[in-house]
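Below, all heavy atoms of this structure are taken into account, side chains as well, without hydrogens, waters or symmetry copies. On a predicted model such as this, the values are computed, not experimentally measured, just so you know.
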Amino acid sequence: MKKIIPIVFILLLIILCISTYILIKLKENDNNSVEAEIIAEPKTVEEVLESYNTKYISEENNIIYVVFNKDLFNENGESNEKYFTDIIDDLKPFYKKESFSLIDEEKDINIDVQYDTTSEKYIIKINNKEDFYETVNGESYTKVDTSRIVEDSEIRIDNSYLETLLMRSMYFSEIEDELGDGTPLENGYTSYFDGIIKIRNVPTGAVRNIIFSDEYDGNITTKLRADMSLDEVYNINPDNSFGSVSDGYLGYKEADYYLFFYDDEVSVYSYAYRYNDIFEEALEKYLDDKNLEEFVNKLVKAWKAYDYYEYNPETQDAYILYSNRGIEINIKNNNPEGITLYSNYYFTDVTRKYVKDGLITFKYNEDLIDKTEKQRREGTLNFNTLNNE
């Protein structure tokens, strides 16, 4: 028994020494970790930005010029909001009770972080919008950079009316004698040859839409006629841009026309894919001063090639349709977000920025001529209510 006690004592002493050694080492590791964290903590604005792989360029009067590692949305239209809010939160300690800004001129990103002395909180505005991520569509923001009108189909016009119109700037007067007297219809079209041909003009006197019934005896293209079935049309030319046989129509685009084939008719639209200078000048001014009446008057008087026009000054509502330019203006209560550009709009840097800033709407996956044609077939657009000034 006397021998056991010393052995137990020695074992306890060994255990105590080992435990003490482990505790000392653990404390040293904790101290080293804290020191490492302290050393790693950014001490300057530039270090904060570098920790987010953002390039610091310069700073003047609390305006920081940078090149962000990310855009406001990723290529799939998903929000990068957390990336930007994390940067802002890490920069706030450097600007206690002060406002500051982050500007990326390459990506056209302007972030204002305004300190409100009343609430003692920071208010964040991205591209002048406080609720940027709640109001800007991520897919529109991303896709507007690559938006293009649909590619041409393998198709070539072979029709005397369409060829003459093309050579004469689409003016109806150039084919009027060949058509003879027409009968006005309730939907804004005029019927010729007992409905074999129907035409709708715009206020300039240009033909916007010409329809050939299946009784029309003549070619539409070098290979397609109006009396062909959809199956025949598709078998001859499967390179359609819109619709399908199962949808009941096939849409094609060539250099100067959109053509929509059905079992009972062919509908042809003229279009123009080029810089819309009058519209963009009027739009810029309207977004600046919100003078809807001036905006509407400028368009309908200086740019008369619209399909449809309505304006109510009392309610500050306006509807103007330029289907062949990809512009639909459907403003309610003077809200410019009702201005929608479609995939057949010719975008410039100016209008891309308006979309990215959430000032106007962009339907990236829809062509306005195709949409207008669908509404015509459904009978939901009556062009007889035109207000042609």
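Paired with Tyr258 under the rule ring-ring contact (aromatic ring centres under 6.0 Å, His included), one option of Tyr271, Tyr252, Tyr249, Tyr273 passes, and it is Tyr271.
Side chain of Tyr122 to backbone of Lys97: a donor-acceptor contact under 3.5 angstrom is found. For Asn344 (side chain) and Asp367 (main-chain N/O), no donor-acceptor pair under 3.5 Å exists by modelled atom type. Formation of a donor-acceptor pair under 3.5 Å by the Thr142 side chain with backbone atoms of Glu139 is not found in this model. Distance alone, capped at 3.5 Å, places no donor-acceptor pair between the Asn53 side chain and the Asn69 backbone. At distances below 3.5 Å, at least one donor-acceptor pair connects side-chain atoms of Asp263 with backbone N or O atoms of Leu230. For Thr85 (side chain) and Glu81 (main-chain N/O), a donor-acceptor pair under 3.5 Å exists by modelled atom type. At least one donor-acceptor pair closer than 3.5 Å links the side chain of Asn312 to the backbone N or O of Thr315. In this structure, the side chain of Glu78 does not engage the main chain of Asn74 through any donor-acceptor pair within 3.5 Å. Side-chain atoms of Asn235 come within 3.5 Å of backbone atoms of Asp231 as a donor-acceptor pair (strictly under, hydrogens ignored). Counting only distance, with no hydrogens or angles, the side chain of Ser140 and the backbone of Phe362 share a donor-acceptor pair below 3.5 Å.
Counting all heavy atoms, side chain and backbone alike, Asn209 lies closest to Ser267 at ND2-OG, 3.0 Å. Between Gly188 and Arg200, the closest heavy-atom pair is O-CG, 4.0 Å. Between Ile126 and Ile111, the closest heavy-atom pair is CG1-CG1, 4.2 Å. Arg225 and Phe261 get closest at one heavy-atom pair: O-CE2, 4.1 Å. A pairwise comparison of heavy atoms in Tyr311 and Gln316 identifies OH-NE2, 3.6 Å as the closest pair. Scanning both residues, Ile87 and Thr54, for their nearest heavy atoms gives CD1-OG1, 4.0 Å.
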Self-check item: Criterion side chain to side chain contact (heavy atoms under 4.5 Å, CB included) on Tyr141 and Asp71, from CA distance to verdict
Solution: CA-CA 10 Å; Tyr141 181 97; Asp71 207 333; 2.8 Å; yes
Quiz item: Would Asp370 and Lys374 count as a salt bridge (Lys or Arg N to Asp or Glu O under 4.0 Å) if you check the C-alpha gap in whole Å, the side-chain angles of each, and the deciding distance to 0.1 Å?
Solution: CA-CA 6 Å; Asp370 182 51; Lys374 288 175 181 174; 3.4 Å; yes
Quiz item: Can Ser153 and Asn240 be said to form a side chain to side chain donor-acceptor pair (under 3.5 Å), step by step?
Solution: CA-CA 6 Å; Ser153 304; Asn240 58 298; over 6 Å; no
Quiz prompt | Ser101 and Asp112: CA distance, side-chain angles, deciding distance, side chain to side chain donor-acceptor pair (under 3.5 Å) verdict | solution = CA-CA 5 Å; Ser101 299; Asp112 283 321; 2.7 Å; yes
Practice problem: Mind running salt bridge (Lys or Arg N to Asp or Glu O under 4.0 Å) on Asp89 and Lys92 for me, showing each step along the way? | Solution: CA-CA 5 Å; Asp89 287 341; Lys92 285 177 182 177; 3.3 Å; yes
Practice problem: I would like to know whether Leu91 and Leu102 meet side chain to side chain contact (heavy atoms under 4.5 Å, CB included); could you show each step before the answer? | Solution: CA-CA 10 Å; Leu91 287 176; Leu102 292 158; 3.9 Å; yes
Self-check item: Residue pair Phe193, Tyr216: steps toward the ring pair (Phe, Tyr, Trp, His ring centres under 6.0 Å) verdict
Solution: CA-CA 9 Å; Phe193 308 123; Tyr216 176 73; 8.7 Å; no
Quiz item: Could you go step by step and tell me if Tyr115 and Glu120 meet the side chain to side chain contact (heavy atoms under 4.5 Å, CB included) rule?
Solution: CA-CA 7 Å; Tyr115 182 75; Glu120 297 186 343; 3.3 Å; yes
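To the nearest 0.5 angstrom, Arg148 atom CZ is 8.5 Å from Tyr346 atom OH. Expressed to the nearest 0.5 Å, how far CD1 of Ile64 lies from CG of Leu49 amounts to 6.5 Å. Atom CG of Leu283 and atom CD1 of Ile327 lie 8.5 Å apart (nearest 0.5 Å). Between the OH atom in Tyr189 and the CD1 atom in Ile197 there is a gap of 14.0 Å [rounded to 0.5 Å]. A distance of 9.5 Å separates CZ of Arg208 from CG of Asn201, quoted to the nearest 0.5 Å. Atom CG of Asn127 and atom CZ of Phe132 lie 5.5 Å apart (nearest 0.5 Å).
The closest side-chain heavy-atom distance from Tyr364 to Val355 is not below 4.5 Å. Taking 4.5 Å as the limit, every side-chain heavy atom of Pro203 sits out of range of all side-chain heavy atoms of Tyr309. Within the 4.5 Å cutoff, side-chain heavy atoms of Phe94 are placed close to those of Val48. Taking 4.5 Å as the limit, some side-chain heavy atom of Ile199 sits within range of a side-chain heavy atom of Leu179. Taking 4.5 Å as the limit, some side-chain heavy atom of Glu281 sits within range of a side-chain heavy atom of Lys298. The side-chain heavy atoms of Phe73 and Tyr133, taken from C-beta on, include a pair separated by under 4.5 Å. Under the 4.5 Å side-chain criterion, counting only non-hydrogen atoms from C-beta, Trp303 is in contact with Asn276. For the pair Tyr322/Leu299, a side-chain contact is recorded, criterion being any heavy-atom separation below 4.5 Å from C-beta on.
Transitive grouping of hydrophobic side chains (ILVMFWY, heavy atoms separated by less than 4.5 Å) keeps Ile157 and Ile211 in distinct clusters. A continuous path of hydrophobic side-chain contacts links Phe212 to Ile155 [ILVMFWY only; heavy atoms under 4.5 Å]. Under the 4.5 Å side-chain heavy-atom criterion for Ile, Leu, Val, Met, Phe, Trp and Tyr, Ile88 and Val67 are members of distinct hydrophobic clusters. Linking Ile, Leu, Val, Met, Phe, Trp and Tyr residues whenever their side-chain heavy atoms come within less than 4.5 Å leaves Phe100 and Ile57 in two separate clusters. Under a hydrophobic clustering in which Ile, Leu, Val, Met, Phe, Trp and Tyr are joined whenever their side-chain heavy atoms come within less than 4.5 Å, directly or via other members, Leu185 and Phe383 fall into the same cluster.
Ion pairing between Lys356 and Asp108 fails under the 4.0 Å rule for side-chain N and carboxylate O.
Between the side chains of Asn62 and Ser99, not a single donor N or O lies within less than 3.5 Å of an accepting N or O. No hydrogens or angles considered: nothing links the side chains of Tyr269 and Asp307 as a donor-acceptor pair under 3.5 Å.
Geometrically, Arg377 engages Tyr262 in a cation-pi contact defined by less than 6.0 Å to the ring centre and at most 45° from the axis.
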For residues 163-176, please give each side-chain donor-acceptor pair under 3.5 Å, one per line with the distance, not counting sequence neighbours.
from	atom 1	to	atom 2	distance (Å)
Thr164	OG1	Ser160	O	2.8

Going by atom type alone, with no hydrogens or angles, which donor-acceptor pairs under 3.5 Å involve a side-chain atom of residues 328-335 and a protein atom two or more places apart or on another chain?
from	atom 1	to	atom 2	distance (Å)
Glu328	OE1	Tyr342	OH	2.4
Glu328	OE1	Lys371	NZ	3.1
Glu328	OE2	Tyr319	OH	2.7
Asn334	OD1	Tyr286	OH	2.6
Asn334	ND2	Lys290	O	3.0
Asn335	OD1	Glu337	N	3.0

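Remark: Asp217 CG is loosely packed, at most 12 non-hydrogen atoms of other residues, nucleotides or ligands lying under 6.0 Å away.
Between Tyr83 and Tyr52, the ring-plane angle classifies as perpendicular under the 30° and 60° cut-offs.
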